[in-house]
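Reviewing the structure listed below.
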Number of protein chains: 2
Amino acid sequence: MDMENKSFDTESARAQMRKSLLEYCTLLVIGQGEFYASDILNELKANNLIVVEGTLYPMLSRLKGSELLEYTWKESKAGPPRKYYRLTERGKHMLDQLKATWLELTLSINSLIKKYEKNN
Amino acid sequence: MDMENKSFDTESARAQMRKSLLEYCTLLVIGQGEFYASDILNELKANNLIVVEGTLYPMLSRLKGSELLEYTWKESKAGPPRKYYRLTERGKHMLDQLKATWLELTLSINSLIKKYEKNN
DNA sequence: CCCAGTACCTTGCATGAAAAGGTAGTAGGT
DNA sequence: ACCTACTACCTTTTCATGCAAGGTACTGGG
């Protein structure tokens, strides 16, 4: 293609918009029960959130290090054992906080969108 | 305080959630007309989006470099001249794209929130 | 003629997303 | 017994970017 060849192209902008919400979404997914990395990856992708292994594993380690997640090793029927993650109490608390922030953020941005549309 | 002394504390998580939406919000603000840096800073702060000069100036340069913004120098009554920014056609197009992405993202996350609440 | 106020910008650091590469367990074929 | 394919976990390296701090320059008032 000939357009969108600048550094700030549509796709990278779309991707970037989703970036910092990844931690929140990961906690939301895990909050539904017990999941291992591939499950989480699939759930996020099913929700149009692009993630790759190289992003997810360090993130899970970070969240575990902050005591928001814990895991249990479980045998697999086909392949190596898996780490099944779930939320800690601390993680549930954080999720509540993040939800509140998300709602505020949604209000702010929707209000900006309305203002913008009035002027166009 | 005694709690929240881990690396992943509530405030930094809240701040981080807002981070990657800054470019979008900046475009939304400028889309309303012509603004210079302090205007933009105030508008964003009024909408609960924390920004500082050291973030905004490089971002404006980046957006201008990607031809999403353009500016005009205007005299000020009290102080040095100001750069008044406005959207280019390309910028308006990008804003439409970002709005679509934002709406999709909102749907995805709200659906995840509902799923989470069913399980808790 | 200095100083306070405003406006623009740069430098340096820390964080974190992503690509690529690495280790190891299991299963199935020969 | 060995090789290959598949799956799962993790690390290393690179790059982008948010932010604190510091720097330059124009204006007007005392």
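Note that the structure is predicted; figures quoted are calculated from it, not measured. Each chain gets a letter, A, B and so on, in the order the sequences are listed, and its residues count up from 1.
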Regarding A:Ser61, tell me which of base, sugar-phosphate or nothing describes its non-hydrogen contacts under 4.0 Å with the strands shown.
nothing

Pair A:Phe35 and A:Tyr85, ring centroids less than 6.0 Å apart:
no

Quick check for you: among C:dT6, C:dC8, C:dG25, whose closest atom lies nearest to any side-chain atom of B:Pro80?
C:dT6

OP1 or OP2 of D:dC10 sitting under 4.0 Å from any side-chain N/O of A:Tyr57?
no

So if I take every side-chain heavy atom of A:Met59 and compare against D:dC10, C:dA17, D:dG18, which nucleotide ends up nearest?
C:dA17

Using atom CG of A:Leu56 as one end and atom P of D:dC10 as the other, report the distance to the nearest whole Å.
10 Å

Regarding the side chain of B:Thr55, the nearest nucleotide among D:dC26, D:dC19, D:dC9 is D:dC19

Nearest whole Å is fine: how far is C:dA7 P from B:Ile40 CD1?
12 Å

Separation of B:Tyr36 atom OH from D:dC26 atom C1', in whole Å?
14 Å

A:Glu23/A:Arg62 ion pair, N-O < 4.0 Å
yes

Rounding to a whole Å, what distance do you find between B:Lys83:NZ and D:dA25:P?
15 Å

Whichever of A:Pro58 and A:Gly79 has the more 5' nearest nucleotide on DNA chain C, that residue is A:Pro58

Any ion pair linking B:Lys64 and B:Glu70 (charged N to carboxylate O, less than 4.0 Å)?
no

Between B:Arg62 and D:dG18, does any side-chain N or O lie under 4.0 Å from OP1 or OP2?
yes

In this structure, how many angstroms lie between the P atom of D:dC26 and the CD atom of B:Glu75, rounded?
12 Å

Is the distance between the ring centroids of A:Tyr84 and A:Tyr36 under 6.0 Å?
yes

Grab the CH2-P distance between B:Trp73 and D:dT27 for me, whole Å please.
12 Å

Nearest-Å distance for atom pair OH/P, residues B:Tyr71 and C:dA7
17 Å

How many angstroms lie between CG in A:Leu44 and OG1 in A:Thr26, if you round to the nearest 0.5 Å?
5.0 Å

B:Ile50 CD1 to D:dA20 P, in whole Å, measures 10 Å

Against the side chain of B:Val52, the closest entry in C:dA7, D:dC9, D:dA20 is D:dA20

